[in-house]
Amino acid sequence: MAAANRDAFWAPSSKVNPDLARERESATFDVRELTHIIDGSPDRTKRRKELENLLYSEPVFRDVGRLSMERDEIYEQGVLKSIKLFEWSRKYKWDDDDFELASRLANHDISMSLQHAMFIPAIERLASDTQKAKWLPRALHYEMIGTYAQTELGHGTNLMELETTATFDPERNEFIMNSPTVTSMKWWPGALGKSSNTAIVLAQLIVKGKNHGLHPFLVPLRSMEDHTPLPGISVGDIGPKMALNCIDNGFLIMKNVRIPRENMFMKNAEVTRDGRFISRGVDKANYATMVLVRVKITRWAFESLSDGATTAVRYSVVRRQSSLKPGERELQVLDYQSQQYKVLPALAASYAFLMTNRSLHRLYDSVHADIMAGNTKLLAELHCQSSALKAYMSEVVVQLLELCRQACGGHGYLASSGIGLLCASSAPLVTVEGENSVLYQQAARYLMKQVAKAVVGDPVASGFQYLLTQSSSDRPDIRIQNLADCGNLDTLLQVYQRMAFSVVTGAARKLQMAIESGVEQHVAWNNNMVSLIQAARFYALHGIAKEAGYFLATPTLTPDQFELVRAAELQAMAKVRHDAVPLVDAFDLHDICLHSALGCYDGNVYERLYALAQTSSLNKTQVHPAYYKHIRGLVKDGQKQLRQQSKL
Ligand SMILES: CCCCCCC/C=C/C(=O)SCCNC(=O)CCNC(=O)[C@H](O)C(C)(C)COP(=O)(O)OP(=O)(O)OC[C@H]1O[C@@H](n2cnc3c(N)ncnc32)[C@H](O)[C@@H]1OP(=O)(O)O
Ligand SMILES: Cc1cc2nc3c(=O)[nH]c(=O)nc-3n(C[C@H](O)[C@H](O)[C@H](O)COP(=O)(O)OP(=O)(O)OC[C@H]3O[C@@H](n4cnc5c(N)ncnc54)[C@H](O)[C@@H]3O)c2cc1C
């Protein structure tokens with residue numbers, strides 16, 4: 001498809017699929033009003049539209065051709081997009097919200113995404129005032145292009161065992177950075193391979209032979225003149241991934257790389273000129289950047305899921321297949337109850353995740369302000385909430401996006417559906433910024449402490465009051481006698497609190513019993529890990545239906561009550577089905593952002609699938625060169641053998 005036609009590909013068509021049009025005509029609410037709520041306000045909607053116009057007027061952000069690009073082109077496009085955003089950010093003085101919004105409109109398809117996602121935030125959170133004054137201008141003006149280099153080839157989760165060292169040399173007032181083993185090379189950091197000229201490196205601080213634990217250091221990687229790696233630095237790309245291939249995740253090996261003593265981030269600790277180590281603030285303050293990204297990931301979870309739900313819902317009302325009764329018109333597949341069960345949980349969870357992210361972000365902003373003012377009282381609760389919600393929301397997104405893909409049949413397996421790429425690019429959310437099983441345990445660890453407080457009547461953290469209010473009755477006593485009760489949010493909240501109370505205290509009891517039986521604490525923890533992880537997980541009717549065991553195995557619901565909940569869930573799905581299209585339209589996703597032939601606003605799915613097929617590189621010629629090189633010989637040989645056989 002010529003570039004001009006490719007651009008036309010995303011132009012909205014006046015001809016809208018009639019089924020889709022009819023769904024929109026029967027909306028029972030004002031879609032625009034809901035869009036304002038989703039954006040945060042009418043002003044934020046207006047701002048989003050302004051940024052859409054700005055980005056999508058640039059060919060690089062329309063990239064229809066991306067389906068048939070080689071990795072180098074994908075990377076270079078990602079660099080171009082990064083630089084466009086950086087230029088606009090500087091020119092229009094964007095704030096963090098604008099930058100985040102622009103990144104989202106670009107599908108985070110940005111090679112140097114870590115500059116604003118981690119590098120700048122880490123400087124803001126971990127540098128002393130003097131260091132901020134020196135480094136922030138260089139990062140905000142993009143002289144320093146940076147990454148956050150913590151994970152190594154041999155360790156990602158267990159930070160205590162990271163091997164990179166930073167050894168203080170009092171003679172020359174410098175740190176010597178080293179990757180002492182093959183497993184110690186930094187591995188995975190985004191934009192490390194080819195883009196970054198600077199890295200924030202997490203290393204074990206060694207002063208006078210003593211290891212003072214993990215600390216961050218600013219390490220120049222490449223010349224500011226010609227981008228060649230500096231002496232002692234070996235750096236490169238770790239190779240193609242399942243997706244996110246615009247990002248040059250890289251490796252870094254340092255051999256006796258010397259940096260000035262001032263390059264150790266000194267907000268939370270420092271090494272004095274005469275080699276004294278001084279620790280300030282809380283031990284885990286250097287983990288602050290990870291907490292921020294975990295909160296961001298709950299936002300990315302909403303974005304990915306609303307993309308997937310939009311594509312699956314719109315396609316499910318356009319696609320007609322089979323009839324319930326012979327001779328009748330084929331059904332819109334969204335009218336099959338099984339299709340609703342695949343697709344509508346993603347729609348429901350999208351809204352739930354949007355609200356959950358907002359609530360978590362408010363907690364983050366409040367606690368971060370406290371920490372910046374030296375008050376770390378709520379850091380532990382924030383760590384628990386951000387760990388549990390990042391883990392749970394990323395886990396659910398991956399599961400529900402795969403269901404959305406399956407709900408689109410064969411066309412969901414085409415790259416032009418956009419949904420396969422969405423699954424692949426969201427897949428690492430369960431791993432990055434703390435692998436889920438590990439983060440669940442961090443939350444479980446905090447929960448166990450709250451249980452210990454509740455048991456002795458001490459005050460517990462605000463988010464865990466149910467540990468004090470729920471009775472330990474061994475019989476379900478929640479009032480659920482009819483379908484209406486199942487729609488009462490206070491009743492549902494009580495169901496979850498009762499179940500959570502039972503599962504959390506149950507895990508604590510198992511752990512306690514194991515320890516009292518003489519098993520060592522860490523062995524008891526491992527032997528009860530699944531229960532502890534469950535204690536850290538749980539959303540409304542569908543959540544109850546999906547996790548039946550935990551609501552029936554604890555004194556929460558009777559089997560009859562559970563059946564009522566199931567019936568209420570199906571009734572709710574039938575209701576939501578009526579408004580499914582207006583509910584996804586309210587996300588107001590531009591076709592270029594959604595990047596899906598199945599999810600386009602006009603619903604002209606078949607025309608778009610065929611148009612995109614033309615862009616397949618295999619269709620450049622009617623007869624592919626492979627015919628002349630290989631297939632022709634095969635056919636000719638076959639003909640020859642057949643002729644010979646016919647003579648026998
Ligand atoms: C698809 C889009 C892709 C976008 C990519 C985005 C870029 C990705 C970047 C990365 O992935 S960066 C690397 C991320 N790596 C991690 O998250 C590592 C995960 N591991 C850890 O965080 C820690 O090792 C651990 C598992 C939390 C263990 O911590 P530690 O080794 O210190 O031991 P513990 O005894 O478990 O914890 C001690 C103590 O500290 C508290 N704590 C731990 N972490 C934090 C924190 N972040 N904030 C506050 N407090 C923390 C923990 O609760 C313990 O407290 P007490 O119970 O002792 O009071
Ligand atoms: C797309 C992508 C981008 C990334 N970007 C960056 C970046 O910019 N900077 C950076 O520093 N890192 C980055 N990472 C690395 C990421 O942070 C690590 O992959 C992550 O922390 C997990 O560590 P690991 O891969 O070493 O897995 P490991 O820690 O080796 O864990 C492997 C598996 O073992 C199990 N496991 C491990 N520990 C435990 C435990 N305590 N309890 C129970 N089970 C356990 C889990 O099933 C886990 O999946 C990125 C990774 C990806 C995929």
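Keep in mind that the numbers below use all heavy atoms, side chains included, and drop hydrogens, waters and symmetry copies. Remember, predicted model here, so these are calculated numbers, not experimental data. Atoms within each ligand, like the ligands themselves, are counted from 1 in listed order.
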*Look at the rings of F464 and Y466 and say which category their plane angle falls in: under 30° parallel, 30 to 60° tilted, over 60° perpendicular.*
tilted
*Is S387 near ligand 1, meaning one of its heavy atoms is under 4.0 Å from it?*
no
_Just to be sure I read this right, does ligand 1 sit under 4.0 Å from the backbone of Y446, its side chain, both, or neither, counting only heavy atoms?_
neither
*atom 9 (C) of ligand 1: which of E161, E433, H155 has the nearest heavy atom?*
E433
*Compare M448, R445, K296 and give the one whose heavy atom is closest to atom 35 (O) of ligand 1.*
R445
*Using the salt bridge (charged side-chain N to carboxylate O under 4.0 Å, His left out) rule, take R104 and D307 through it: C-alpha gap first, then chi angles, then the decisive distance, then the call.*
CA-CA 11 Å; R104 188 275 185 276; D307 286 5; 2.7 Å; yes
*Establish, yes or no, whether a centroid distance under 6.0 Å links the rings of W188 and Y148.*
no
*Counting only N and O atoms by type, is there a donor-acceptor contact under 3.5 Å from the side chain of S596 to the main-chain atoms of S417?*
yes
*asked:* Could you tell me, atom by atom, which parts of ligand 1 come under 4.0 Å of a heavy atom of T151?
replied: 13 (C)
*For K194 and D237, run salt bridge (charged side-chain N to carboxylate O under 4.0 Å, His left out): C-alpha distance rounded to whole Å, both residues' side-chain angles, the deciding distance at 0.1 Å, then the answer.*
CA-CA 7 Å; K194 311 311 281 183; D237 181 68; over 6 Å; no
*For atom 17 (O) of ligand 2, what's the nearest protein heavy atom and its distance?*
T151 OG1, 3.4 Å
*Which of the atoms in ligand 1, numbered in the order shown and given with their element, are less than 4.0 Å from a heavy-atom of W300?*
4 (C)
*Subset of ligand 1 atoms that lie under 4.0 Å from at least one heavy atom of M160*: 31 (O), 32 (O)
*Mind checking what makes side-chain hydrogen bond (donor to acceptor under 3.5 Å, both in side chains) contact with Q385, not counting sequence neighbours?*
E381
*atom 14 (N) of ligand 2 protein-contacted (non-hydrogen atom, under 4.0 angstrom)*: yes
*asked:* Under 4.0 Å, counting heavy atoms only: does G156 come that close to any atom of ligand 1?
replied: yes
*If you measure from atom 7 (C) of ligand 2 to every heavy atom of P189, A191, G250, which option wins on shortest distance?*
P189
_Under a 4.0 angstrom heavy-atom cut-off, which atoms of ligand 2 come close to V438?_
38 (N), 39 (C), 40 (C), 41 (N)
*What atoms of ligand 1 come closer than 4.0 angstrom to any heavy atom of Q442?*
25 (C), 26 (C), 27 (C), 28 (C), 36 (O), 43 (C), 52 (C), 53 (O)
*Compute the minimum heavy-atom distance from W188 to ligand 1 and say whether it is under 4.0 Å.*
no
*Hey, could you give me each pair passing salt bridge (charged side-chain N to carboxylate O under 4.0 Å, His left out) that has a residue in residues 413-440? Not counting sequence neighbours.*
none
*What do you reckon, does H155 have a nitrogen or oxygen under 3.5 Å from a nitrogen or oxygen of ligand 2?*
no
*Give the ring-plane orientation class for Y142 versus H116, where under 30° counts as parallel, over 60° as perpendicular and anything between as tilted.*
tilted
_Can you confirm whether or not the ring centre of F277 sits under 6.0 Å from the ring centre of H215?_
yes
*Name the orientation class of the two ring planes belonging to W94 and W88 (parallel below 30°, tilted from 30 to 60°, perpendicular beyond 60°).*
tilted
*Could you list which atoms of ligand 1 come closer than 4.0 Å to a heavy atom of Q150?*
13 (C), 14 (C), 15 (N), 16 (C), 18 (C)
*Decide yes or no for M254 and T164: does some side-chain heavy atom of the first lie under 4.5 Å from some side-chain heavy atom of the second?*
yes
*What part of S425, side chain, backbone, both or neither, has a heavy atom within less than 4.0 angstrom of ligand 1?*
backbone
*Can you list the ligand 1 atoms lying under 4.0 Å from a non-hydrogen atom of V438?*
26 (C)
*N/O of M118 under 3.5 Å from N/O of ligand 2, yes or no?*
no
_If we set the cut-off at 4.0 Å for heavy atoms, which region of L159 has an atom near ligand 1: side chain, backbone, both, or neither?_
both
_Less than 4.0 Å is my threshold; does some heavy atom of H108 fall inside it relative to ligand 1?_
no
_Under 4.0 Å, heavy-atom basis, I'd like to know which part of T147 is in contact with ligand 2: side chain, backbone, both or neither._
neither
*Is a salt bridge present between D370 and K377, judged by a nitrogen-to-oxygen distance below 4.0 Å?*
no
_Is atom 36 (N) of ligand 2 touching the protein, meaning some protein heavy atom lies under 4.0 Å away?_
no
_Polar contact flag for Q150 and ligand 2 (N/O pairs, less than 3.5 Å)_ = yes
*Counting from 1, what ligand 1 atoms have a heavy atom of V291 closer than 4.0 Å?*
47 (N), 48 (N)
*For ligand 2, note which part of E435 has a heavy atom under 4.0 Å away: side chain, backbone, both or neither.*
side chain
*Relative to ligand 2, is L114 under 4.0 angstrom through side chain, backbone, both or neither, heavy atoms considered?*
side chain
*Does ligand 1 have any atom that is closer than 4.0 Å to a heavy atom of M118?*
yes
*Taking T311 for its side chain and I419 for its backbone only, find out whether a donor-acceptor pair lies under 3.5 Å.*
no
*Any non-hydrogen atom of R294 lying under 4.0 Å from ligand 1?*
yes
_Any P428 heavy atom less than 4.0 Å to ligand 1_ = yes
_For atom 6 (C) of ligand 2, which of the options Y148, W188, Y440, W187 provides the nearest non-hydrogen atom?_
W188
*Counting only non-hydrogen atoms of the protein, does one fall under 4.0 Å from atom 25 (O) of ligand 2?*
no
_Parallel, tilted or perpendicular, judged at 30° and 60°: which one describes the rings of F217 and F175?_
perpendicular
*Is it the side chain, the backbone, both or neither of L439 that has a heavy atom closer than 4.0 Å to ligand 1?*
neither
*Can you find an N or O of P428 that's nearer than 3.5 Å to an N or O of ligand 2?*
no
*Which of the listed options, L429, T431, N158, L439, holds the heavy atom that is closest to atom 22 (C) of ligand 2?*
T431
*Within a distance under 4.0 Å of any heavy atom of G190, pick out the atoms of ligand 2 and give their elements.*
7 (C), 8 (O)
*Where on M290 is there a heavy atom closer than 4.0 Å to ligand 1, on the side chain, on the backbone, on both, or on neither?*
side chain
_So for Q441, does at least one of its heavy atoms come nearer than 4.0 angstrom to any atom of ligand 2?_
yes
